[in-house]
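In this chain, numbering begins with 1 at the start of the sequence shown.
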Amino acid sequence: MAGLVVLVFLLRHVRFSVFLARNGARAEGVIVGYRETSTSSRMVVRFLTEDGRQIFATHDSTGWTASRNGDPVVVLYDPGRPDQARIVDAPWLSSWVRVMFGLLAVALIAVGMLFAAVTWG
């Protein structure tokens, strides 16, 4: 079950990324700060939309990223909801975290299927 939950969250992320790649607008932005809670950390990105509006959007951060205030980034955003921007290019950005979660989901599902086969066998 845990593998399916991880897989669902990963697929949601990938689906939104594909949507932005097809329908989103591209903009150059800059990291201007962080919003942290006891359970998460989100980078705050400032950028201008195509129509000149200044947007402050948050982007999920991980403990593995090496972003700093003032770092230039490239974002994709939905023109109808620019606050839902996603960083798609930055010097420190890596896709290995998504790969790691995908492998974790597959491993958890495989272990669950193995336990089910042993139990029913």
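To the nearest 0.5 angstrom, Met43 atom CE is 5.0 Å from Ile31 atom CD1.
Annotation: side chain to side chain contact (heavy atoms under 4.5 Å, CB included) contacts of Val30 (sequence neighbours excluded): Val32, Arg46. Applying the side chain to side chain contact (heavy atoms under 4.5 Å, CB included) rule to Arg35 yields the partners Val44, Thr58; only residues at least two apart in sequence or on another chain are considered.
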Could you go through Tyr34 and Asn69, starting from their C-alpha distance and side-chain angles, then the distance that decides it, and tell me whether this counts as side-chain contact (heavy atoms from CB on, under 4.5 Å)?
CA-CA 8 Å; Tyr34 296 89; Asn69 283 341; 3.7 Å; yes
Could you go step by step and tell me if Val75 and Glu28 meet the side-chain contact (heavy atoms from CB on, under 4.5 Å) rule?
CA-CA 6 Å; Val75 298; Glu28 293 184 16; over 6 Å; no
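Between Phe47 and Gly29, the shortest heavy-atom distance links the atoms CB-CA, 3.9 Å.
Residues Ile87 and Val45 meet the side-chain proximity criterion, which asks for heavy atoms closer than 4.5 Å. Under the 4.5 Å side-chain criterion, counting only non-hydrogen atoms from C-beta, Leu48 is not in contact with Arg53.
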Donor-acceptor contacts, no H, no angles, side chain residues 77-85, under 3.5 Å, sequence neighbours left out:
{"unit_1": "Tyr77", "atom_1": "OH", "unit_2": "Glu50", "atom_2": "N", "d": "3.0"}
{"unit_1": "Asp78", "atom_1": "OD1", "unit_2": "Gly80", "atom_2": "N", "d": "3.1"}

